[in-house]
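Only heavy atoms go into these numbers, but all of them, side chains included; no hydrogens, no water, no symmetry mates. So you know, we letter chains A, B, ... as the sequences are listed, proteins then strands, and number each from 1.
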Amino acid sequence: RKEVEQDPGPFNVPEGATVAFNCTYSNSASQSFFWYRQDCRKEPKLLMSVYSSGNEDGRFTAQLNRASQYISLLIRDSKLSDSATYLCALGGGSQGNLIFGKGTKLSVKP
Amino acid sequence: SAVISQKPSRDICQRGTSLTIQCQVDSQVTMMFWYRQQPGQSLTLIATANQGSEATYESGFVIDKFPISRPNLTFSTLTVSNMSPEDSSIYLCSVDPGQGATEAFFGQGTRLTVV
């Protein structure tokens with residue numbers, strides 16, 4: 001099992017739709033979890049951290065399920081500007097680094 | 001968060017040559033990392049740049065191919081040596097600001113094309 005696996009995508013959704021991404025991980029000892037957003041030809045930027053109790057930031061909700069070893073990102077009321085690739089990341093790399101998934105591409109259409 | 005300046009932003013290089021990428025941070029940081037992101041792939045850690053000592057490389061990456069310098073807590077360079085087309089990729093420096101933060105912040109990336 002790969003360290004981090006994400007939904008393959010791409011996700012093509014209309015404006016206003018709700019879309020959810022999942023990311024499964026293999027290292028049960030991981031303590032920190034994140035969602036990053038990467039626009040085309042840009043660097044990844046932190047979208048939000050994922051806390052055990054779940055957390056919300058506007059239209060974005062992140063959840064962690066330790067028992068099943070996955071994290072999720074829910075985007076409500078999708079905007080055109082949400083079109084990007086969403087990367088999940090978790091702590092626990094051998095050098096204190098983050099381990100990233102391949103990313104899921106989201107395309108929001110008018 | 002930390003402000004990270006990475007340059008060059010892009011380059012097209014001849015095979016067999018070398019390119020040095022610079023990463024400057026606006027504050028002192030403990031951890032600086034270099035990643036590679038090949039088309040359609042995830043970010044892969046190349047190495048951790050250690051201040052005052054040799055970089056720590058991940059499996060599959062070696063110092064002769066990717067020499068790294070870290071002369072102080074705000075600056076690092078990555079050199080891609082003796083390049084081949086397979087080295088065409090995006091190279092990203094990343095920092096963990098420390099002070100309890102565990103998320104990573106990235107430079108703008110260097111898009112390298114080897115011809």
Side-chain angles (χ1 to χ4, degrees), chain A residues 1-10 21 23-27 29-52 55 57 62 64 71 73 84-107, chain B residues 1-7 9-10 21 23 25 29-50 53-61 68 70 89-113:
Chain A
R1 182 179 182 182
K2 293 182 180 177
E3 287 189 280
V4 182
E5 293 196 72
Q6 287 190 244
D7 285 351
F21 306 137
C23 176
T24 58
Y25 61 93
S26 60
N27 184 359
S30 294
Q31 294 295 320
S32 54
F33 305 87
F34 309 95
W35 283 101
Y36 280 79
R37 170 187 170 135
Q38 186 172 26
D39 292 292
C40 187
R41 298 178 180 272
K42 299 288 187 180
E43 75 275 20
K45 293 185 178 178
L46 181 67
L47 178 64
M48 58 197 305
S49 302
V50 186
Y51 303 120
S52 297
N55 48 299
D57 183 2
L64 166 64
I71 62 172
L73 177 68
T85 296
Y86 292 83
L87 304 163
C88 64
L90 56 152
S94 60
Q95 301 189 40
N97 56 293
L98 295 182
I99 302 168
F100 288 85
K102 285 188 177 182
T104 301
K105 186 173 181 179
L106 171 66
S107 181
Chain B
S1 64
V3 177
I4 306 164
S5 299
Q6 184 177 339
K7 59 181 181 181
S9 59
R10 61 175 58 227
I21 303 167
C23 182
V25 190
V29 293
T30 305
M31 306 293 287
M32 290 184 75
F33 304 99
W34 287 98
Y35 287 86
R36 180 174 73 182
Q37 187 177 30
Q38 294 178 308
Q41 299 298 312
S42 181
L43 284 78
T44 301
L45 181 68
I46 297 172
T48 301
N50 300 310
S53 64
E54 195 172 281
T56 306
Y57 290 85
E58 284 289 281
S59 175
F61 298 96
I68 288 171
R70 178 93 189 267
S89 186
I90 299 172
Y91 293 84
L92 294 146
C93 71
S94 171
V95 304
D96 176 346
Q99 302 172 345
T102 57
E103 66 266 32
F105 298 93
F106 289 88
Q108 299 92 333
T110 298
R111 182 176 295 271
L112 171 63
T113 302

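Both the backbone and the side chain of B/F106 come within less than 4.5 Å of a heavy atom of chain A. A/Q31 does not touch chain B: none of its heavy atoms, backbone or side chain, sits under 4.5 Å away.
For the residue pair A/S94/B/E58, the side-chain donor-acceptor check at 3.5 Å is satisfied. Looking only at atom types and distance, the side chain of B/Q37 has a donor-acceptor partner in the side chain of A/Q38 under 3.5 Å away.
The distance from the CD atom of B/Q41 to the NZ atom of A/K102 is 4.5 Å, given to the nearest 0.5 Å. Note that the CD atom of A/E43 and the CG atom of B/L43 stand 11.0 Å from one another [nearest 0.5 Å]. Atom-to-atom distance recorded for A/N97:CG and B/I46:CD1 is 12.0 Å, nearest 0.5 angstrom. Atom NZ of residue A/K42 and atom CZ of residue B/R111 lie 10.5 Å apart, to the nearest 0.5 angstrom.
Between chain B and the residues A/Q95, A/Q6, A/R41, the largest count of heavy-atom pairs under 4.5 Å involves A/Q95. Of the listed residues (B/G107, B/S9, B/G40), the greatest number of heavy-atom pairs within a distance under 4.5 Å of chain A belongs to B/G107.
For the pair B/S42 and A/G101, the tightest heavy-atom approach, listed with the atom from each and the gap, is OG-O, 2.7 Å.
By the 4.5 Å heavy-atom criterion applied to side chains, A/P44 and B/L92 are counted as neighbours.
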